[in-house]
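Here the structure is laid out as structure tokens; the discussion comes afterwards.
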Amino acid sequence: MSAGHAQRGAATALSRRGFLGSAAAGGLVVAFHIPWAAQAQSAATPEVNAWVVVRPDEGIVIRIARSEMGQGTLTGLAQLVAEELECDWSRVRTEYPTPGQNLARNRAWGNFSTGGSRGIRESHDYVRRGGATARMMLVQAAAEAWQVPASECSVDKSIITHRPSGRRTSYGKVAAAAARLTPPPAASVKLKDPKDWKLAGKRLARLDTLDKVTGRQVFGSDLQLPGMLNAAIKDCPVFGGKLKSFDASAIAGRRGVRKVVRVGDSAVAVVADTWWRAKSALDALPIAWDEGAGATQSSEGFAAVLRQGLDAPQAAVGNQNGDARAAIAASVRKIEAVYAYPHQNHATMETMNATARWTPQRCEVWAPTQNGEAALAATADAAGLPASSCEVYKLHLGGGFGRRGMTDYVRQAVAIAREMPGTPVKLLWSREEDMLHGRYHPVTQCKLTAGLDAQGKVSALHMRISGQSILAGVSPQSIVSGRDPVVFQGLNASGPEASIGYSFPNLLIDHAMRNPHVPPGFWRGVNLNQNTIYLECFIDEIAHATGQDPLALRRQLMARHPRHLAVLEAAAERGGWGKPAAPGVFRGLAQTMGFGSYVAACAEVSVSPEGALKVRRIVAATDPGHAVNPQQIEAQVEGSFAYGLSAALYGECTVKNGRIEQENFHSYPVLRMSDMPPVETIVMPSGGFWGGVGEPTIAVAAPAVLNAIFAATGKRIRTLPLKNQDLKRA
């Protein structure tokens with residue numbers, strides 16, 4: 001059994017921040033790595049296979065490689081393993097294996113990356129096979145003990161029964177024998193048909209809720225290790241700038257301060273006995289920056305560059321059919337609009353942090369990370385050691401949203417720990433550092449042009465996106481011929497990932513790449529967010545310009561896209577589309593396909609004569625193919641609207657003199673409870689595919705509301721956030 005952090009263990013009387021470990025029958029569950037404890041635990045509780053450990057007390061430990069950051073992946077994956085394992089769900093606990101173990105065991109747990117709503121949809125098959133294989137081994141062990149054919153045995157809730165004789169035994173009694181067996185051939189492992197599921201597909205309570213509400217859950221910022229020191233850091237506030245100098249003597253006598261450390265080319269950190277003393281000393285440290293060429297950059301300058309890209313002759317094509325340019329030129333009528341979307345910060349509740357302990361022989365890191373394997377690679381590189389001499393212990397994340405898929409904070413923690421050999425050092429970013437040094441949602445503009453024929457039907461559509469490429473910033477090798485495929489999320493040709501839901505006789509969607517110096521990152525929902533705003537609001541513009549009902553126009557354009565249409569129809573019907581709304585209440589629609597799922601929303605809003613917006617109700621429909629836990633899907637959809645509405649109403653990072661202007665939540669507000677509308681979720685899995693649920697519905701939040709605002713006011717809002725707009729009726 002792994003010595004990484006276990007998600008649930010025996011109840012203890014310790015506080016969350018004081019928690020270090022707890023004993024459990026048959027094994028030890030620990031919150032941090034103790035090598036000898038891991039060896040003792042493995043000897044006492046041998047694993048059945050990489051995914052399943054059965055304790056002598058009948059406790060079931062299911063190992064989950066993906067990260068839990070509030071989205072429920074941990075519980076959903078455990079349900080899938082337990083479904084095939086046929087175990088007693090009430091006895092299930094989970095733990096994270098480590099990326100070091102994964103490396104040593106030839107990636108037995110597969111991919112550790114958690115992003116793109118891929119936690120379940122990309123690992124459902126092999127985790128289910130892990131559960132089914134463990135079940136077959138446990139049954140085989142019982143059959144051999146009874147000297148009967150395994151085919152005569154059945155299992156239910158961890159109890160194995162020999163049907164002819166009625167003899168019974170439990171998983172805990174045969175686990176040690178099962179662990180010694182050779183796993184069955186892969187071809188003999190058969191998975192259940194989803195129609196036969198008993199646990200998967202059910203509304204089960206999440207496994208991580210109890211520890212969170214009682215305070216036992218240890219997040220990265222909570223972690224305490226013996227002899228641990230704390231570090232605060234400042235990086236050059238201008239992107240691309242460097243650290244010129246600092247005067248460590250100015251804070252040498254401050255209480256608790258142990259060391260001032262240069263971190264890379266652009267940052268400086270103070271190490272002290274407490275984080276507040278480190279932060280206070282850092283604030284008093286005289287620092288000189290070389291701000292570099294980026295100091296002249298501004299949001300206004302970015303916007304001008306992006307506007308030029310809207311009509312630039314060169315652009316990378318993402319999707320096309322027919323000849324859109326020629327069809328538009330020959331059209332009877334042309335409709336055109338330009339939209340814009342700003343930089344945005346992930347603004348996770350828990351700021352970036354990691355704890356590292358370095359020696360010349362080994363480096364260990366404790367981190368809330370969305371990608372344990374990437375964190376291990378970063379640790380090894382920063383530590384100057386082979387990966388086999390390093391380890392990363394993954395902790396629950398206090399929010400990820402894509403930001404914790406990056407490894408900059410891990411590298412910094414290791415670099416600081418190298419200056420304090422043998423001592424654990426926890427690096428915790430201040431909120432200001434977190435806001436000023438994010439990996440931001442890309443800034444883009446979009447020019448949409450539609451051509452109409454003599455009957456008023458759309459004969460062609462051209463979407464020109466101008467703006468930032470995420471892959472150019474995080475994976476330049478992925479750019480081929482100037483094309484970033486991620487830019488076109490939700491606009492692709494028909495396929496399994498993020499395809500457009502409309503058919504046009506002539507279509508051209510292209511991208512003029514324009515990259516400011518602000519570092520981009522994968523922000524929850526990624527490019528599907530703005531692309532859905534651009535397309536869904538423009539479809540509404542066409543409908544109103546041609547005197548058509550927005551739903552009726554969509555039905556015409558979606559005839560070849562039945563799954564897109566099905567969720568839209570469901571949201572519209574539940575939302576009351578076509579029926580009178582309450583006085584002063586107006587509706588808007590939006591739909592998209594992203595991260596493998598089909599989603600739609602109907603929003604109801606009111607706008608006062610003074611321009612005060614109230615989002616009154618959201619109805620959301622989602623088809624993820626298979627619904628592993630409908631309750632979790634509903635929670636995810638509700639959370640998606642909280643995140644999406646927060647971005648639509650308030651989310652904006654502006655740049656002046658090369659640096660982000662928003663340094664904390666007073667200047668980067670997020671949605672408050674009083675702003676959050678009721679969300680009614682329709683989960684309508686159609687089967688046959690596996691889609692994600694954490695991100696798709698974010699994308700329909702803003703356009704559904706924007707379309708409803710137009711219905712309420714006659715004003716078409718094309719630039720976000722709404723806090724910058726006057727919504728008084730036209």
Side-chain angles (χ1 to χ4, degrees), residues 15 17-18 20 32 219-239 241-292 295 350-360 362-368 379 382-384 408-438 657-660 663-666:
S15 68
R17 286 169 173 77
L20 293 178
F32 62 94
F219 294 88
S221 54
D222 298 325
L223 185 70
Q224 297 294 324
L225 297 177
M228 187 180 78
L229 296 177
N230 297 269
I233 194 167
K234 276 188 182 179
D235 210 326
C236 182
V238 176
F239 302 113
K242 297 183 182 300
L243 173 65
K244 185 185 295 183
S245 64
F246 58 87
D247 182 7
S249 65
I251 61 170
R254 294 180 72 99
R255 184 180 178 188
V257 172
R258 304 297 171 82
K259 198 163 191 176
V260 182
V261 179
R262 175 184 287 268
V263 184
D265 294 331
S266 62
V268 59
V270 173
V271 181
D273 56 352
T274 70
W275 184 80
W276 186 249
R277 288 173 180 166
K279 168 67 164 56
S280 300
L282 183 63
D283 289 341
L285 180 69
I287 305 172
W289 305 108
D290 175 4
E291 296 184 345
E350 180 189 29
T351 61
M352 298 304 106
N353 69 87
T355 300
R357 179 168 56 205
W358 183 91
T359 70
R362 183 169 176 80
C363 184
E364 296 175 294
V365 168
W366 295 259
T379 295
D408 49 337
Y409 59 99
V410 173
R411 290 178 177 275
Q412 289 179 342
V414 173
I416 296 167
R418 288 188 71 168
E419 299 295 318
M420 315 287 290
T423 300
V425 180
K426 177 164 68 178
L427 170 66
L428 177 66
W429 285 20
S430 66
R431 177 60 61 187
E432 289 75 17
E433 189 71 11
D434 203 78
M435 294 296 297
L436 295 178
H437 292 284
N657 298 326
R659 66 192 71 197
I660 295 293
E663 296 188 0
N664 211 312
F665 289 122
H666 70 281

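Computed over heavy atoms, backbone and side chain alike; hydrogens, waters and symmetry mates excluded.
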Legend entry - Any donor-acceptor N or O pair under 3.5 Å, side chains Asn353, Ser221: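 No, Ser221 and Asn353 have no side-chain donor paired with an acceptor closer than 3.5 Å.
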Inset, instruction - For the residue pair Glu419 and Trp358, confirm or rule out a side-chain donor-acceptor distance under 3.5 Å. - result: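 Not at all, the side chains of Glu419 and Trp358 share no donor-acceptor pair under 3.5 Å.
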For [Y], is there any backbone N or O sitting under 3.5 Å from a side-chain donor or acceptor partner on [X]?
X      : Y      : result
Asn664 : His666 : no
Arg418 : Ala382 : yes
Asp283 : Ser280 : no
His437 : Trp429 : no

Inset, instruction - For Val410 and Val365, run side chain to side chain contact (heavy atoms under 4.5 Å, CB included): C-alpha distance rounded to whole Å, both residues' side-chain angles, the deciding distance at 0.1 Å, then the answer. - result: CA-CA 8 Å; Val410 173; Val365 168; 4.3 Å; yes
Before accepting this row, confirm whether a basic side-chain N of the pair [X]/[Y] lies closer than 4.0 Å to the acidic partner's carboxylate O.
X      : Y      : answer
Glu291 : Arg659 : yes
Arg362 : Glu364 : yes
Glu433 : Lys234 : no

What heavy-atom pair brings [X] and [Y] nearest, and what distance separates the two atoms?
X      : Y      : answer
Arg262 : Lys244 : NH2-O, 3.7 Å
Pro286 : Ala250 : CD-CB, 3.5 Å
Ala281 : Ile251 : O-CG2, 3.6 Å
Ala272 : Ala278 : CB-N, 3.6 Å
Ala413 : Ala356 : O-CB, 3.7 Å

Nearest 0.5 Å please: distance from the [atom1] atom of [X] over to the [atom2] atom of [Y].
X      : Y      : atom1 : atom2 : result
Arg431 : Met435 : CZ    : CE    : 7.5 Å
Arg254 : Leu285 : CZ    : CG    : 10.0 Å
Tyr409 : Leu428 : OH    : CG    : 12.5 Å
Ile233 : Ile416 : CD1   : CD1   : 4.5 Å

Legend entry - Working for side chain to side chain contact (heavy atoms under 4.5 Å, CB included), residues Asp265 and Leu243: CA-CA 6 Å; Asp265 294 331; Leu243 173 65; over 6 Å; no
Side chains of [X] and [Y]: closer than 4.5 Å at any heavy-atom pair?
X      : Y      : result
Ile660 : Phe239 : yes
Trp289 : Pro237 : yes
Ser430 : Lys279 : yes
Gln412 : Asp235 : yes
Thr379 : Cys363 : yes
Val268 : Val261 : no
Val271 : Met420 : yes
Val238 : Asn657 : no

Legend entry - Verdict with reasoning, Asp273 to Asn230, per side chain to side chain contact (heavy atoms under 4.5 Å, CB included): CA-CA 6 Å; Asp273 56 352; Asn230 297 269; 5.9 Å; no
Legend entry - Candidate pair Leu229 and Lys426, rule side chain to side chain contact (heavy atoms under 4.5 Å, CB included), full reasoning: CA-CA 6 Å; Leu229 296 177; Lys426 177 164 68 178; over 6 Å; no
